[in-house]
Amino acid sequence: MITTQQKQELDEILDVLGENLSISEAQHNAAVTSYNAVGSWLTNVTSELAPYKPVISPQGSFIIGTTIQTIDPDGDLDLDIVCELNGKKHEWTQKDIKEIVKNQLIKHKKYESILDDEGRRCWTLKYRENGNSNEKYHMDILPAINTTGHSIILNKAYTNLKNQNIEELVLSITDNERIPEYETSIDPKEWLQSNPFGYAKWFMDIATSIKGSSTKIFSLNESVNPTPKYQKDRLPLQRAVQLLKRHRDIMFLNRNDEDKKQKPISCIITTLAARAYDGEDNITDAISNIVNKMSNYIIDKYDYELNRWVKWISNPVNDSENFADRWSIQDSKREELFFEWLDSAQKDFSTIKNAFNRINLSESLTKSFGSSPVTKTFSDIGEKMKFLTETGNNNINYKLGIIGATTTNISEGTTVKPHNFYGDQEI
């Protein structure tokens with residue numbers, strides 16, 4: 001069992017590690033610039049979409065603050081956006097909507113050159129401009145129709161999304177696997193329903209329900225704004241999700257291609273983590289609680305179409321959608337791999353929490369999160385400690401082996417004298 005001071009130090013390490021796993025401000029700004037440019041093109045006055053007042057907004061991990069870097073330094077980041085139309089021509093089907101979005105994209109030379117083959121629900125732009133490291137990402141554009149009068153999103157959600165009713169944020173989306181509906185239905189209320197902004201509200205309502213106090217506030221309103229500001233700090237649940245996703249990526253790094261394709265998907269990890277989160281005001285306790293309770297929110301449900309029982313992880317803003325639907329596909333290993341990952345996460349986070357000395361902790365963190373971000377994390381903290389020491393604000397407790405900012409109620413402590421190098425102190 002680690003002490004309160006040791007937990008505080010471990011929490012700082014995990015927070016800095018999460019920060020190092022996050023996308024950089026340069027990457028964030030490049031992504032915002034790109035989707036604003038796409039938005040401007042799709043909403044151009046000459047566009048066939050223009051009469052329907054398109055709204056271009058980010059969705060997914062970008063707006064809930066859980067995006068992380070790729071394992072591969074040359075890998076692509078995912079950027080998901082919604083191209084939301086406020087109405088349509090009466091005769092337009094899902095296929096028409098999707099084709100119209102594509103047609104507007106390919107009228108632009110650049111977008112035509114980076115447009116990928118059609119996806120199930122999205123069009124994908126594969127950015128690789130001049131090998132710029134900040135533009136190594138792909139942008140998934142989801143065509144959608146608002147059926148509830150989307151001045152709601154435009155005028156209210158950007159002002160205060162957390163106060164919106166989830167039901168008001170539902171969108172009708174295109175899905176080319178829903179045949180013949182995809183090619184025949186002209187009524188958006190019959191189409192597949194999605195609620196990315198409702199999901200963001202649900203997640204952030206939980207993330208901000210902290211027992212205790214937190215000075216780090218991630219603004220959901222800012223993240224959904226068409227030009228969101230970069231936000232460095234994260235809440236405990238957001239950091240926990242980032243660390244869990246990175247742990248998954250490390251675990252499957254050297255697996256075969258089929259296992260990589262079927263590894264636990266981010267929306268399942270994020271949803272189960274939010275359901276298991278109990279308002280912990282620190283990352284250490286949040287992760288410990290989450291990995292031990294996640295499986296409680298996977299239920300068995302009878303699927304009448306398949307005529308058998310299946311594992312069910314419901315979309316929190318659409319109970320009829322099962323995020324684990326692909327677990328039931330014949331020969332799928334997704335369920336097996338999820339529980340293999342969860343078992344590993346439980347063991348690894350328990351080791352991290354209880355092996356508290358610098359060498360063992362560094363080894364455990366490296367095993368779970370990779371060498372580069374862990375090395376940078378200890379370096380960043382070392383530089384911070386050096387700065388605090390040089391300014392006379394450091395305190396060391398020799399009994400506990402703790403170095404940190406001078407605090408009250410720490411006995412047997414001695415102020416560390418300034419020095420000009422970073423030595424072998426325990427951190």
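Of the charged side-chain nitrogens involved, at least one lies within less than 4.0 Å of a carboxylate oxygen, so that Asp343 and Lys347 count as a salt-bridged pair. Between Lys98 and Glu118 there is a salt bridge, with a side-chain nitrogen of the basic residue lying less than 4.0 Å from a carboxylate oxygen of the acidic one. The pair Lys109-Glu112 does not count as a salt bridge, with every side-chain nitrogen at least 4.0 angstrom from each carboxylate oxygen. Using a 4.0 Å cut-off between charged nitrogen and carboxylate oxygen, Asp140 and Arg121 do not count as a salt-bridge pair. Salt bridge present: Asp205 and Lys201 bring a charged side-chain N and a carboxylate O closer than 4.0 Å. Ion pairing between Glu280 and Lys211 fails under the 4.0 Å rule for side-chain N and carboxylate O.
Ring geometry for Phe338 against Trp327 counts as tilted: the plane angle lies between 30° and 60°, on a 0 to 90° scale.
Gln27 places a side-chain heavy atom less than 4.5 Å from the side chain of Leu77. You'll find the side chain of Thr351 stays beyond 4.5 Å of the side chain of Asn360, heavy atoms only. Residues Val38 and Leu105 have side chains in contact (heavy-atom distance under 4.5 Å, counting atoms from C-beta outward).
Remark: aromatic rings of Tyr52 and Trp92 are close, center separation under 6.0 Å. Aromatic pair Tyr199/Phe197: ring centres not closer than 6.0 Å.
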| said: I'd like to know whether Glu181 forms a side chain to side chain donor-acceptor pair (under 3.5 Å) with Gln94, so could you lay out the CA-CA distance, the side-chain angles of the two residues, the decisive distance to 0.1 Å, and finally the verdict. | reply: CA-CA 8 Å; Glu181 173 189 303; Gln94 293 180 49; 3.0 Å; yes
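For the salt bridge (Lys or Arg N to Asp or Glu O under 4.0 Å) condition, the pairs that include at least one residue of residues 304-327, sequence neighbours left out, are Asp300-Lys311.
Just one of Arg255, Arg248, Lys333, Lys263 meets the salt bridge (charged side-chain N to carboxylate O under 4.0 Å, His left out) condition when paired with Glu340; it is Arg255.
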